[in-house]
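Working notes, beginning with the structure itself.
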2 protein chains.
Amino acid sequence: MRRLADRLGSGVMSLYWHVDSKEDVFDLALDSVLEYRGSPHIAQLHDWRGEIIHVLEDWRASMLRHPWSASLLSRRALGPNTLGRLELLSKALSRAGVAAADMNVAIWSLWNYVMGATITRASFELSDEDRAAAQLRLARLSERYAAIERSRLLLDDDWDGTFRRGLGFLLDGLAPGQNSSAP
Amino acid sequence: MRRLADRLGSGVMSLYWHVDSKEDVFDLALDSVLEYRGSPHIAQLHDWRGEIIHVLEDWRASMLRHPWSASLLSRRALGPNTLGRLELLSKALSRAGVAAADMNVAIWSLWNYVMGATITRASFELSDEDRAAAQLRLARLSERYAAIERSRLLLDDDWDGTFRRGLGFLLDGLAPGQNSSAP
DNA sequence: ACCTGAACACCGTTCAAGT
DNA sequence: ACCTGAACACCGTTCAAGT
């Protein structure tokens with residue numbers, strides 16, 4: 001608050017006329033990160049899969065542009081931008097043929113996936129050396145952690161590719177039989 | 001720190017002999033929540049699907065037992081308990097026939113899903129009235145948010161069921177053709 | 001090896017007051 | 001309607017010192 005006021009060149013307490021508390025500022029900041037930039041609707045009407053992937057990749061990318069926003073994910077953020085993106089996702093899933101009975105599960109699954117991926121990617125943002133150190137620790141304990149050491153899980157840094165491939169698997173499960181990601 | 005010291009009946013600065021900083025305490029707290037209680041291996045050797053579901057449901061349940069732990073998820077927590085659970089998951093996926101080339105994607109996908117589900121569920125923990133209020137706001141803006149209003153997304157409170165069903169879809173995508181969740 | 005209090009440099013927020 | 005400074009009740013951490 002004090003630093004924010006400094007940054008704005010105002011007195012600290014002026015903020016409290018516009019905002020109720022620090023929590024309020026966090027909520028507003030988190031939702032504002034999710035504002036749309038660029039074309040909201042490329043509307044490739046026949047490629048539902050590409051459309052959903054685009055919505056979710058943009059969601060993740062918007063948050064990663066401001067990595068601090070990921071640390072705010074533990075608050076129920078239901079601002080207009082968040083709701084707008086949920087609405088967009090819901091419509092795309094309908095078009096993809098997801099049954100009404102599965103709709104909420106589908107939305108929450110994708111939400112969970114995106115939020116988890118975002119928070120994880122942001123937390124590893126500047127700590128490559130930590131991951132290397134962790135992997136080294138693993139090597140010394142290879143008996144206990146043989147499997148994740150063998151797959152070099154913690155050294156894999158193709159975040160975007162992993163996000164997209166995992167999302168592909170989830171979409172395969174949610175709408176099987178349609179243009180799948182399987183070879 | 002000051003409150004923690006009070007709780008322990010020690011001087012505030014005594015803590016700093018055992019621990020480097022407040023961040024250190026958070027890391028230790030987060031990992032300790034993930035300690036195993038109960039039987040780690042029921043080892044139903046032929047039901048790989050049930051095994052994976054059990055591991056991930058227990059992961060989520062362990063964190064939800066201490067909802068504050070979800071708000072610590074934005075730190076790269078790679079303590080021994082976290083690594084142990086990753087190792088367990090990796091082995092189960094191997095047994096399930098997930099190819100080595102897909103292993104890391106599979107692990108991170110499930111990780112993302114569980115972390116997202118946990119943080120979301122924890123954030124809605126004590127705010128049922130917030131969700132109801134949000135849904136009401138939606139109703140007044142039904143033009144803008146018609147789809148998510150219609151599906152009553154924000155009022156759905158079968159968290160455990162939604163978690164399990166979504167996980168089923170993801171597992172279907174990760175290991176298709178095996179005993180699926182589809183009817 | 002383990003604990004401690006005083007001191008420093010910070011916080012967010014209430015309140016009563018200004019324009 | 002909008003902004004403000006003084007004051008209150010807190011923080012985490014350094015440091016030099018104790019046992």
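Numbers restart at 1 for each chain; the letters A, B, ... are given by sequence-line order, proteins then strands.
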* Determine whether more than 12 heavy atoms belonging to other residues, nucleotides or ligands lie under 6.0 Å from atom CZ of B/R75. => yes
* To do: Could you work out the separation of D/dC10 and C/dC8 based on their C1' atoms and round it to a whole Å?
  => 15 Å
* Could I get the full list of side-chain contact (heavy atoms from CB on, under 4.5 Å) partners for A/S71, not counting sequence neighbours? => B/S74
* Aromatic rings A/W108 and B/W159: how do their planes relate, parallel, tilted or perpendicular, breaks at 30° and 60°? -> tilted
* Check: B/R95 and B/E51 side chains under 4.5 Å, non-hydrogen atoms -> yes
* Taking both distances under 3.5 Å as the test for a Watson-Crick or G-U pair, what stems of at least three pairs does DNA chain C have? -> C:4-8 with D:12-16, C:12-16 with D:4-8
* Nucleotide interval of DNA chain C bounded by contacts with chain B (heavy-atom cut-off, under 4.0 Å) -> C/dA1 to C/dA7
* Asked: If only atom types and distance count, is the side chain of B/S90 paired as donor or acceptor with the main-chain N or O of B/L86 below 3.5 Å?
  -> no
* Structure fact -> Taken in chain and number order and not counting sequence neighbours, the residues that satisfy ring pair (Phe, Tyr, Trp, His ring centres under 6.0 Å) with A/F163 are A/Y113
* **DNA chain C-proximal residues of residues 4-16 of chain B, any heavy atom under 4.0 Å** => B/S10, B/G11, B/M13, B/S14
* Asked: When the P atoms of C/dA16 and D/dC2 are considered, how many whole Å apart are they?
  -> 22 Å
* Asked: Charged N to carboxylate O below 4.0 Å: is that the case for A/D27 and A/R76?
  -> no
* **Side-chain touch B/D172/A/D172, heavy atoms, less than 4.5 angstrom** => no
* With sequence neighbours excluded, tell me which residues meet side-chain contact (heavy atoms from CB on, under 4.5 Å) with B/A61. => B/R65
* Shortest non-hydrogen contact between B/R85 and B/V55, atoms and distance -> NH1-O, 4.4 Å
